[in-house]
Amino acid sequence: DVQLQASGGGLVQAGGSLRLSCVASGFTFDDDYAIGWFRQAPGKEREGVSCITLIEGDTHYADSVKGRFTISKDNAKNTVYLQMNSLKPEDTAVHYCAAHVADCGRNWYRHYEYDNWGQGTQVTVSS
């Protein structure tokens with residue numbers, strides 16, 4: 001049974017940093033999975049932020065976060081991280097991690113590509 005546990009959200013001032021963690025269980029990081037980060041602000045659709053393919057290690061980012069966010073993985077801890085730097089008020093949202101079999105693929109940013117979701121963690125950036 002695949003389970004994902006997201007954590008690390010909080011309140012930070014604009015320009016600050018946060019690191020989100022997503023601990024996965026039910027599969028190992030030697031398996032053919034991709035893990036993505038999504039976010040959803042009130043009244044807005046769920047938006048793909050980043051994705052990492054566990055075996056190959058390829059990464060993908062939304063244009064809005066390129067150069068500011070970095071996705072990484074720790075195989076020993078079955079954990080994927082999202083390092084968020086230079087945070088902006090528009091980054092405020094509930095952030096989710098999600099997983100699906102196979103690589104990120106060209107549709108990595110579409111939430112319906114993912115079968116398993118963790119609970120959200122709130123990120124609030126004050127101006």
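Scope of the values below: all heavy atoms of this structure, side chains included, with no hydrogens, waters or symmetry mates. Just so it is clear, the model here is predicted, and its values are computed rather than measured.
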T70: side chain to side chain donor-acceptor pair (under 3.5 Å) partners, not counting sequence neighbours: none
What's the separation between atom CH2 in W37 and atom SG in C97, rounded to the nearest 0.5 Å? 4.5 Å
With R110 via side-chain contact (heavy atoms from CB on, under 4.5 Å) - residues at least two apart: N107, Y112, E113
May I ask you to test the M84-H95 pair for a side-chain heavy-atom distance under 4.5 Å? yes
Summary of disulfide bond (SG atoms under 2.5 Å apart) pairs that have at least one residue in residues 36-77, sequence neighbours excluded: C51-C104
Q119: what forms a side chain to side chain donor-acceptor pair (under 3.5 Å) with it, not counting sequence neighbours? none
Just by distance, do the side chain of T79 and the backbone of K77 share a donor-acceptor pair under 3.5 Å? yes
Identify each donor-acceptor pair in which a side-chain atom of residues 7-28 lies under 3.5 Å from a protein atom, sequence neighbours left out, and give them as a table.
| unit_1 | atom_1 | unit_2 | atom_2 | d |
| --- | --- | --- | --- | --- |
| S17 | OG | N85 | OD1 | 2.9 |
| T28 | OG1 | D30 | N | 3.2 |
| T28 | OG1 | D31 | OD2 | 3.4 |

Short question: side chain of K73, backbone of L54 - any donor-acceptor pair under 3.5 Å? yes
Can you measure from CD1 (I71) to CD1 (I52) and round to the nearest 0.5 angstrom? 5.5 Å
Closest non-hydrogen atom pair between N78 and F29, with its separation: C-CZ, 3.2 Å
Sequence-distant partners of D91, salt bridge (Lys or Arg N to Asp or Glu O under 4.0 Å), two or more places apart: R39, R68
Rest of the hydrophobic cluster containing F38 (Ile/Leu/Val/Met/Phe/Trp/Tyr, side-chain heavy atoms under 4.5 Å)? V94, Y96, W108, Y109, Y114, W117
Under the side chain to side chain donor-acceptor pair (under 3.5 Å) test, residues paired with T53 that sit two or more places apart: D58
CD1 of I55 to CG of D103: how many Å apart, nearest 0.5 Å? 9.5 Å
Go through the structure and list residues passing side chain to side chain donor-acceptor pair (under 3.5 Å) with E90, not counting sequence neighbours. none
Run the side chain to side chain contact (heavy atoms under 4.5 Å, CB included) test on F69 and S50 for me, step by step, so that the C-alpha distance in whole Å, both residues' side-chain angles and the decisive distance to 0.1 Å come before the verdict. CA-CA 8 Å; F69 291 9; S50 185; 6.0 Å; no
For the atom pair CG (N116) and CG (L4), what is the distance rounded to the nearest 0.5 Å? 6.0 Å
Under the side-chain contact (heavy atoms from CB on, under 4.5 Å) test, which residues partner S72, sequence neighbours left out? Y81
Name all residues meeting the salt bridge (Lys or Arg N to Asp or Glu O under 4.0 Å) criterion together with K66; count only those two or more places apart in sequence or in a different chain, and write none if there are none. D63
